[in-house]
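What follows is a single structure, written as structure tokens, with notes after it.
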Amino acid sequence: MSTNEANASDLALRDLEGLLPDLAEFYKDVHSHPELSMQETRTAKLAADRLRAAGYEVTTGVGKTGVVGLLRNGDGPTVMLRADMDALPIQEATGLPYASKATATDREGNTVPVSHMCGHDMHVTWLVGAAKLFANTRASWRGTLMAVFQPAEETGEGAQAMIDDGLFKRFPKPGVILGQHVMVGPSGTVAGRAGAITSAADSLQIRLFGRGAHGSMPQASIDPVVMAASTVMRLQTVVSREVAATEAAVLTVGVLQAGTKENVIPDEAIIKLNVRTFDAGVRTRVLAAIERIANAEAAASGAPRPPEITTIDQYPLNVNNRDATKRVVDAFRGHFGAERVRETGPAPASEDFGSFGAEWHVPSVFWFVGGTDPEVYAKAKEANRLNELPVNHSPKFAPVLHLIYLRHVSLSIRQKAVSWISSRLCSILWAPSSSRLAGRWRGSSENSICSAFWYCRSRRGTREASRGTC
């Protein structure tokens with residue numbers, strides 16, 4: 001490593017160490033002030049203010065509450081980093097001193113508790129940290145960084161809202177789009193795969209119509225409760241009898257609502273269900289089966305009209321580009337250590353991140369970051385109790401914050417990695433250790449930095465190699 005590279009490395013490390021306390025406080029602030037989907041005005045302002053302070057060109061209100069920051073740093077590729085901002089209507093039960101006590105009014109006019117039980121507060125903090133570090137190390141790279149803070153991932157509408165608001169026309173087209181999500185897993189590890197990484201999702205409402213009557217005179221009714229019960233039971237056969245064992249699908253009925261009093265047969269019933277699939281053909285067959293069964297059960301009951309089937313929300317299949325994924329994984333393994341980079345199967349959870357790459361025709365890569373205390377995870381695994389760990393959307397989901405363990409850990413940087421900007425910064429920022437350091441904060445912003453610097457460097461080519469740009 002040259003003297004200049006060593007000095008640049010020391011500077012980047014010094015910047016990271018100085019940012020950690022501020023990022024921790026920023027995270028606690030966002031965690032304590034969660035906002036529902038399409039209501040993320042405070043969070044968006046925090047992100048926009050941080051971007052402006054770091055020298056970014058900032059556009060707000062993209063897709064209602066989305067934020068886009070551009071850091072132009074000479075000729076080179078454009079890399080897009082994305083973080084989602086919205087929280088969930090869940091009462092937090094983590095017991096953290098900075099736990100959310102917030103409430104908000106949902107779209108139906110109900111007052112609901114709100115909390116960051118999916119980790120989007122982490123995502124916002126990671127991107128704020130990555131954006132700042134990129135701004136502080138401009139001498140080490142060339143190109144354009146595009147930081148996107150997206151609303152409404154939880155309702156599956158945020159990415160599309162930004163696209164519909166002209167994201168593709170108003171901002172430069174990136175060469176790659178990168179995203180990450182905190183999940184259950186040992187803190188300090190990352191996991192991903194080429195191909196499908198998260199499932200497609202379809203949430204539907206089925207409104208079944210009957211004829212109401214007195215509970216003592218069922219012969220005068222067309223009972224929608226029985227109709228709905230039969231429909232729910234029949235829906236259980238879609239996956240077990242219509243999807244091959246070599247394929248995958250999940251169909252869950254989460255809501256069955258009918259009536260208000262025990263001696264009154266209502267005149268309608270509501271079913272709400274969710275479908276997860278990893279193949280377009282399977283998705284088409286499952287959705288067709290749901291419609292067929294709902295109509296058939298209504299007809300069998302003598303319903304006065306066919307059921308109404310409406311879409312509540314949809315998520316696309318999120319597919320990682322194979323070539324881009326291989327390069328990201330190779331970079332991660334080379335500089336974080338193979339033991340910290342794991343291959344995972346497709347996750348049944350869903351994400352609208354995939355809309356950006358699919359509709360912009362740009363390669364994208366999405367991966368998971370472990371958020372569980374490594375000792376807690378290891379003990380749960382040894383006891384075969386991993387399913388008891390609080391997962392995303394649990395009221396007790398609380399990714400660990402290892403700030404008290406963060407300290408400078410010296411690394412011997414492999415000589416073969418010196419020629420890569422990503423290698424230099426990733427080795428500095430990750431600072432892997434076998435202890436509980438595990439990098440809750442280091443294993444976050446720096447993942448985005450490593451991948452983005454990898455992309456710049458890989459696109460640099462021999463033409464610019466002598467100039468040290470990307």
Side-chain angles (χ1 to χ4, degrees), residues 68-71 73 75-84 123 126-127 130-131 134 141-150 153 158-160 162-163 167-181 190-200 278-280 315-336 341-347 349-369 420-423 425-426 446-461 464 470:
V68 178
L70 292 175
L71 186 63
N73 194 33
D75 294 335
T78 298
V79 175
M80 174 176 153
L81 305 180
R82 172 267 200 180
D84 40 10
H123 305 169
W126 294 347
L127 186 49
F134 266 111
W141 60 280
R142 292 291 182 272
T144 298
L145 181 69
M146 182 175 173
V148 173
F149 292 86
Q150 178 207 306
E153 184 278 331
Q160 195 61 53
M162 297 188 79
I163 293 169
L167 181 75
F168 297 170
K169 297 179 180 179
R170 298 164 64 183
F171 303 98
K173 184 175 183 176
V176 70
I177 301 172
L178 305 172
Q180 55 190 6
H181 203 300
V190 293
R193 71 188 305 271
I197 182 69
T198 61
S199 69
F278 295 96
D279 177 84
Y315 291 82
L317 183 66
N318 188 3
V319 180
N320 282 343
N321 178 272
R322 292 191 178 276
D323 290 339
T325 299
K326 183 180 186 305
R327 293 183 181 181
V328 170
V329 170
D330 287 348
F332 280 175
R333 285 177 176 165
H335 312 302
F336 295 167
V341 183
R342 305 178 179 185
E343 183 169 359
T344 182
S350 299
E351 256 280 353
D352 64 353
F353 168 83
S355 296
F356 293 117
E359 296 190 35
W360 217 340
H361 305 292
V362 170
S364 62
V365 185
F366 190 80
W367 62 89
F368 303 117
V369 179
W420 284 51
I421 291 176
S422 60
S423 303
L425 285 184
C426 288
E446 68 280 12
N447 291 339
S448 298
I449 292 171
C450 293
S451 300
F453 269 90
W454 149 76
Y455 186 81
C456 288
R457 194 71 180 188
S458 67
R459 291 295 192 195
R460 194 183 75 181
E464 294 185 343
C470 68

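- When the side chain to side chain donor-acceptor pair (under 3.5 Å) test is applied to Asp84, the partners found at least two apart in sequence or on another chain are His120, His123.
- Note: Asn73 CG to Thr144 OG1 = 8.0 Å, rounded to the nearest 0.5 Å.
- Remark: the backbone N or O of Gly195 is not paired with any side-chain donor or acceptor of Asn320 at under 3.5 angstrom.
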Worksheet item: After noting the C-alpha distance and the side-chain angles of Leu81 and Val148, does the key distance pass the side-chain contact (heavy atoms from CB on, under 4.5 Å) rule?
Response: CA-CA 6 Å; Leu81 305 180; Val148 173; over 6 Å; no

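- Across Gly175 and Pro363, no two heavy atoms sit closer than the pair O-CG, 3.3 Å.
- With sequence neighbours left out, Arg193 forms a side chain to side chain contact (heavy atoms under 4.5 Å, CB included) with Ala196, Ile197, Glu343, Pro346.
- In terms of the side chain to side chain contact (heavy atoms under 4.5 Å, CB included) criterion, residue partners of Ala347 (sequence neighbours excluded) are, by chain and number, Thr198, Phe368.
- Residues passing the ring pair (Phe, Tyr, Trp, His ring centres under 6.0 Å) test with Phe356, sequence neighbours excluded: none.
- A donor-acceptor pair under 3.5 Å is formed between the side chain of Trp141 and the backbone N or O of Phe134.
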Fill in: Full working for side-chain contact (heavy atoms from CB on, under 4.5 Å) between Asn321 and Arg327
CA-CA 10 Å; Asn321 178 272; Arg327 293 183 181 181; over 6 Å; no

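- Shown here are the side chain to side chain contact (heavy atoms under 4.5 Å, CB included) partners of Val362, two or more places apart in sequence or in another chain: Lys173, Pro174, Ile177, Trp360.
- The shortest distance between side-chain heavy atoms of Ser364 and Leu178 does not fall below 4.5 Å.
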Discussion item. If you apply the rule side-chain contact (heavy atoms from CB on, under 4.5 Å), what do you find for Leu70 with Leu145, and how did you get there?
Written reply: CA-CA 6 Å; Leu70 292 175; Leu145 181 69; over 6 Å; no

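- Nearest heavy atoms, Thr325 versus Ala194: CG2-N, 3.7 Å.
- Taking the ring pair (Phe, Tyr, Trp, His ring centres under 6.0 Å) definition, one finds that Phe171 meets it with nothing, sequence neighbours left out.
- Residues satisfying the salt bridge (Lys or Arg N to Asp or Glu O under 4.0 Å) test with Lys326, not counting sequence neighbours, are Asp330.
- Note that the CD1 atom of Ile163 and the NZ atom of Lys169 stand 12.5 Å from one another [nearest 0.5 Å].
- Using a 4.0 Å cut-off between charged side-chain N and carboxylate O, Glu351 and Arg82 make a salt bridge.
- Within the 3.5 Å criterion, the main-chain N or O of Phe353 finds no donor-acceptor partner in the side chain of Tyr315.
- Legend: residues meeting salt bridge (Lys or Arg N to Asp or Glu O under 4.0 Å) with Arg322, ordered by chain and number and at least two apart, are absent.
- Rounding to the nearest 0.5 Å places CG of Asp352 at 10.5 Å from CE of Met162.
- For Ser199, the side chain to side chain contact (heavy atoms under 4.5 Å, CB included) criterion is met by Arg276, Phe278, Ser350, not counting sequence neighbours.
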